[in-house]
Asker: 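First the structure, then my questions, so here it is.
Position 1 is the first residue of the sequence, and the numbers go up from there. As the structure lists them, so they are numbered: ligands from 1, and atoms in each ligand from 1.
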Amino acid sequence: INGQEKIDYVFKVVVIGDSAVGKTQILSRFTKNEFCFDSKSTIGVEFQTRTVTIKGKLIKAQIWDTAGQERYRAVTSAYYRGALGAMLVYDITKRQTFDHVARWVEELRAHADNSIVIMLVGNKADLGEQRDVPTEDAVEFAEDQGLFFSETSAFSGENVDTAFFSVLEKIYGVV
Ligand code: GDP
Ligand code: MG
């Protein structure tokens, strides 16, 4: 992208979910097309950006990563402020991380804007042999709660762009 082109919109998207589900790796796959094996757990709230084109408009996606604050209710409302989208990530090989998804939805309903676009993301799809969460369970939950749903692999890159683009396009449709 030519740095002199004018950004039409900045969309803030937050990434949430239990610790170690792959939030930081999903973000780094989307913004840098990288996967880092020895990533440290995140310290301090941070975001990364990637500028994309949607329907001819330049959109800067500002993707926020939690700061090792994934304990229940530890993420502050400042984190959610102004967020137009959320990637709610669980690990398909760890049932507990999916069982906690309902709590994260509650958090979003409590702190984020009502119109926030939420994508439920089952990450680590490359580890299918260790699957602990059937896809149908997630599909059912997502339909129930009115969320988008995708299974991704930050490791292989599978569906990561698609999931982010779905959220950004949906946001674009409502701004
Ligand atoms: P976070 O705490 O949610 O930010 O999780 P991280 O992004 O730090 O990832 C936690 C661990 O899972 C790290 O060891 C990553 O290398 C690993 N991981 C993340 N995404 C994937 C994935 O898609 N596939 C596999 N196999 N491992 C992953
Ligand atoms: Mg992290």
Side-chain angles (χ1 to χ4, degrees), residues 11-50 61-108 110-112 116-139 141-142 145 147-168:
F11 290 167
K12 174 176 174 178
V13 175
V14 292
V15 185
I16 56 171
D18 282 8
S19 189
V21 296
K23 298 182 298 297
T24 300
Q25 294 301 335
I26 284 176
L27 182 144
S28 120
R29 175 62 73 190
F30 178 65
T31 58
K32 297 180 283 193
N33 200 19
E34 279 175 12
F35 183 89
C36 180
F37 273 102
D38 56 355
S39 69
K40 304 280 183 299
S41 52
T42 327
I43 307 292
V45 170
E46 286 180 84
F47 64 80
Q48 307 277 351
T49 64
R50 174 172 163 188
Q62 191 185 75
I63 319 288
W64 289 62
D65 194 10
T66 54
Q69 306 159 310
E70 295 97 332
R71 275 175 306 106
Y72 186 44
R73 298 206 164 136
V75 177
T76 63
S77 52
Y79 184 72
Y80 297 107
R81 195 165 301 136
L84 300 174
M87 309 299 273
L88 201 185
V89 187
Y90 67 92
D91 176 345
I92 67 151
T93 72
K94 295 230 160 49
R95 180 76 202 188
Q96 197 189 43
T97 67
F98 178 72
D99 293 338
H100 290 162
V101 159
R103 291 182 182 178
W104 286 107
V105 173
E106 265 176 48
E107 283 266 296
L108 283 168
H111 297 291
I116 192 165
V117 176
I118 306 171
M119 171 73 73
L120 178 64
V121 177
N123 189 44
K124 308 197 187 181
D126 57 288
L127 301 178
E129 283 154 36
Q130 299 163 50
R131 178 185 287 276
D132 199 19
V133 182
T135 304
E136 310 81 70
D137 291 15
V139 167
F141 182 86
Q145 298 282 324
L147 318 176
F148 289 93
F149 169 66
S150 182
E151 286 191 352
T152 64
S153 168
F155 175 67
S156 73
E158 180 193 353
N159 284 342
V160 173
D161 270 18
T162 318
F164 275 100
F165 270 92
S166 299
V167 169
L168 296 171

Asker: Excluding sequence neighbours, so at least two apart, what forms side-chain hydrogen bond (donor to acceptor under 3.5 Å, both in side chains) with Gln62?
Answerer: Trp64
Asker: I'd like to know if the side chain of Asn123 and the backbone of Ala154 have a donor-acceptor N/O pair within less than 3.5 Å.
Answerer: yes
Asker: Step by step, would you call Phe155 with Lys124 a side chain to side chain contact (heavy atoms under 4.5 Å, CB included)?
Answerer: CA-CA 7 Å; Phe155 175 67; Lys124 308 197 187 181; over 6 Å; no
Asker: At a 4.0 Å threshold, what atoms of ligand 1 neighbour a non-hydrogen atom of Ser153?
Answerer: 23 (O)
Asker: At less than 4.0 angstrom from any non-hydrogen atom of Thr24, what atoms of ligand 1 do you find?
Answerer: 4 (O), 7 (O)
Asker: Out of Gln25, Lys124, Glu151, indicate the one that has the non-hydrogen atom closest to atom 12 (O) of ligand 1.
Answerer: Lys124
Asker: Out of Asn123, Val160, Thr66, Thr152, whose heavy atom is nearest to atom 20 (N) of ligand 1?
Answerer: Asn123
Asker: Only heavy atoms of Asp126, strictly under 4.0 Å: list the atoms of ligand 1 that pass.
Answerer: 22 (C), 23 (O), 24 (N), 25 (C), 26 (N)
Asker: Just to verify, what does Ser153 make a side-chain hydrogen bond (donor to acceptor under 3.5 Å, both in side chains) with, not counting sequence neighbours?
Answerer: Asp126, Ser156
Asker: Do Asp65 and Thr24 have side-chain N/O donor and acceptor atoms under 3.5 Å apart?
Answerer: yes
Asker: Does Phe155 reach ligand 1 with a nitrogen or oxygen that is under 3.5 Å from one of the ligand's nitrogen or oxygen atoms?
Answerer: yes
Asker: Considering the heavy atoms of Leu127, write down every atom of ligand 1 situated less than 4.0 Å from one of them.
Answerer: 26 (N)
Asker: Examine the side chains of Thr93 and Asp132 and answer whether a donor and an acceptor come within less than 3.5 Å of each other.
Answerer: no
Asker: With a cut-off of 2.8 Å, does Thr24 put an N/O/S atom close enough to the Mg ion (ligand 2)?
Answerer: yes
Asker: With heavy-atom distances below 4.0 Å as the criterion, list the atoms of ligand 1 near Ala154.
Answerer: 20 (N), 22 (C), 23 (O)
Asker: Parallel, tilted or perpendicular, judged at 30° and 60°: which one describes the rings of Phe98 and Phe141?
Answerer: perpendicular
Asker: Within ligand 1, which atoms have a heavy atom of Ala20 less than 4.0 Å away?
Answerer: 1 (P), 2 (O), 3 (O), 5 (O), 10 (C), 12 (O)
